[in-house]
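In what follows, chains are A, B, ... by sequence order, proteins preceding strands, each numbered from 1. Source: prediction; values computed, not measured.
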There are 2 protein chains.
Amino acid sequence: MRPRSGRRVGRNAVRCVESPTEGPMRPGPRRSLTHAEILEAAFALLETKGFEAVSVRGVAGVLGLTPTAMYTYYPNKGALLAGMVEQLLGRVDTSEADGAATPEHARTRVVELAQGLRSILVERPGAVGLLLATPLDGPNARRLDERLLAAFADAGLDPVAASRATHAVRVHVLGAVAFDAAEEERSPGGPTAADPGPAPAASATLWDDAETFPLGDRSRGLGDDPAGRFAWGIERLLDGLLAPAPIARG
Amino acid sequence: MRPRSGRRVGRNAVRCVESPTEGPMRPGPRRSLTHAEILEAAFALLETKGFEAVSVRGVAGVLGLTPTAMYTYYPNKGALLAGMVEQLLGRVDTSEADGAATPEHARTRVVELAQGLRSILVERPGAVGLLLATPLDGPNARRLDERLLAAFADAGLDPVAASRATHAVRVHVLGAVAFDAAEEERSPGGPTAADPGPAPAASATLWDDAETFPLGDRSRGLGDDPAGRFAWGIERLLDGLLAPAPIARG
DNA sequence: ACCTGAACACCGTTCAAGT
DNA sequence: ACCTGAACACCGTTCAAGT
């Protein structure tokens, strides 16, 4: 009696797809679904309807399952989201093209990692929500950290500085993508060119007392295309992180 | 019949507290609540039960109101959250202590703004969730931006660079607080000292394939106290943002 | 072992009705 | 104008039961 949206493949369709990492086959009814298939459905939901739509019930729905059946695969919603994060982070390329341990090469490696992480986040809408809702402690998150730590060590930073620099990069990438996502949400289509928004008068929804912000108004649309300001920001951050010495400069 | 948790002041208690910005008094039953009182209740909920507990129904509950009565004050949940964000940002001190427009003074002003914003966010748990869930376009958000833009202009940056530098600082503060909050959530009490967590074996919850991360393991607990790494990161970011020239350095 | 159906305690929001 | 109560379409999660 519950309203079902869209066709499904048959409630008890036997799909006999056994994940090879699931352990030896056991008697009894087999899992009809792979973790990969569930994550696929979850990502489909994420990309088509946004992060809010990624619910246990929603994912179960697109798979033709009862919500409770989901709890055979994941102990709770958090574990499902963690699985999605892991698969997402697994897609960023961390292969060291050619291991020259020079400071210059270390810097470009950091930039590549940061840009790679940002790419996989911005190219599927809603992915930031995922990252912010889930602790980043899976193997793929740690692998990314490891690469950043190695690069900063190659650049000559001591362990404490390398650890803090890694954190700074992490913070910057996630913060930047979160901001872009928030802006995208309130003006879909994106301000790739100078786009003043839906007329300056119509945006005064709730804030009735007019206060003027000359600098902010003047700089609206200046250098705020997401990719450009991200690239610029990462380079400036690295300028600071890899500066030759912590002595005062004139 | 609905379960009410805790005492309340009487369902139809006339509180005759009229907000002075509400416009001239009108006939008919007065508002029994101020926007400020509603926000107060919302913040109480935020601080005691976390961001998840800040719901229209929850806030109505602590005020002794029906959920639907909330819609007389705010058109939807987003507007309520935006109101909270505005009040929060209003608490960061943006008074220019003494307007010396030197680059050195500009730098310390940026640091003070960043630290001030961080303070009001970390001192009430759950506030980050608020910031990340709401577009930062209210007057107080714009006022903060304005101060940052002015400081970067005083430091000698051209308008585009100042705009991007402002964005970088914004991104860094919010990203850092979001990370701290995520870490705090999974190990309350905080790793202020070297805290290896709940025994290295017990944390292997879902990730069964053991992969080793020598650098990450070695640097665990190194320089990761939140306040310290934030201060360090902001200084390094400013090193890069305020570097004398974009020419290559040896 | 995997799955269903009913149930519990929640959401945000709308609507008709009272004062 | 402000508020209530009922209702709609959702949540995450637990439990008893079927195969």
Legend entry - Whole-Å gap separating P (dA1(C)) and OH (Tyr74(A)): 19 Å
Legend entry - Selected nucleotide, minimal atom distance to Tyr73(A) side chain, candidates dC11(D), dT4(D), dC2(C): dC2(C)
Inset, instruction - Could you check if a side-chain atom of Leu136(B) sits within less than 4.5 angstrom of a side-chain atom of Leu174(B), using non-hydrogen atoms only? - result: yes
Legend entry - dC3(C) OP1/OP2 closer than 4.0 Å to side-chain N/O of Ser32(A): yes
Inset, instruction - Quickly work out the Glu52(A) CD to dC11(C) C1' distance and round it to whole Å. - result: 11 Å
Inset, instruction - Using whole Å, report how far CG of Leu65(A) lies from C1' of dG5(C). - result: 14 Å
Legend entry - Same-atom distance (C1') from dA16(D) to dC3(C), integer angstrom: 13 Å
What does the list of N/O pairs under 3.5 Å between the protein and nucleotides 13-17 of chain C look like, with a distance for each?
residue : atom : partner  : partner atom : Å
dT13(C) : OP2  : Tyr71(B) : OH           : 3.0
dT13(C) : OP2  : Lys77(B) : N            : 2.9
dT13(C) : O5'  : Tyr71(B) : OH           : 3.4

Inset, instruction - Look at the side-chain N and O atoms of Thr66(B) and state whether any lies under 4.0 Å from the OP1 or OP2 oxygen of dT4(D). - result: yes
Legend entry - Counterpart residues, side-chain contact (heavy atoms from CB on, under 4.5 Å), relative to Val56(A) (two or more places apart): Met70(A), Tyr71(A), Lys77(A)
Legend entry - By ring-ring contact (aromatic ring centres under 6.0 Å, His included) - contacts of Phe51(A) (at least two apart): none
Legend entry - Rounded distance (Å) that lies between atom P of dG5(D) and atom CE of Met70(B): 17 Å
Legend entry - Dot-bracket encoding per residue of DNA chain C, Watson-Crick/G-U cut-off under 3.5 Å, | denoting interstrand: ||.|||||...|||||.||
Legend entry - Criterion side-chain contact (heavy atoms from CB on, under 4.5 Å) against Val169(A), the qualifying member of Leu144(A), Leu148(A), Leu113(A), Leu117(A): Leu148(A)
Inset, instruction - For Ala36(A), enumerate each residue passing the side-chain contact (heavy atoms from CB on, under 4.5 Å) test, keeping only those at least two apart in sequence or located in another chain. - result: Thr34(A)
Inset, instruction - Let me know the distance between CD1 of Ile38(A) and C1' of dC3(C), rounded to the nearest Å. - result: 12 Å
Legend entry - Non-neighbouring partners of Arg170(B) that pass salt bridge (charged side-chain N to carboxylate O under 4.0 Å, His left out), sequence neighbours left out: Asp145(B)
Legend entry - Pairing residues for Arg142(B) by the salt bridge (charged side-chain N to carboxylate O under 4.0 Å, His left out) criterion, not counting sequence neighbours: Asp217(A)
Inset, instruction - Only counting residues at least two apart or in another chain, list the ones meeting side-chain contact (heavy atoms from CB on, under 4.5 Å) with Arg143(A). - result: Thr94(A), Asn140(A), Arg147(A), Glu211(B), Phe213(B)
Inset, instruction - Measure the distance from CG on Leu63(B) to P on dC2(D) and round it to the nearest whole Å. - result: 15 Å
Legend entry - Sequence neighbours excluded, every pair satisfying side chain to side chain donor-acceptor pair (under 3.5 Å) that has a member inside residues 113-124 of chain A: Arg118(A)-Asp180(A)
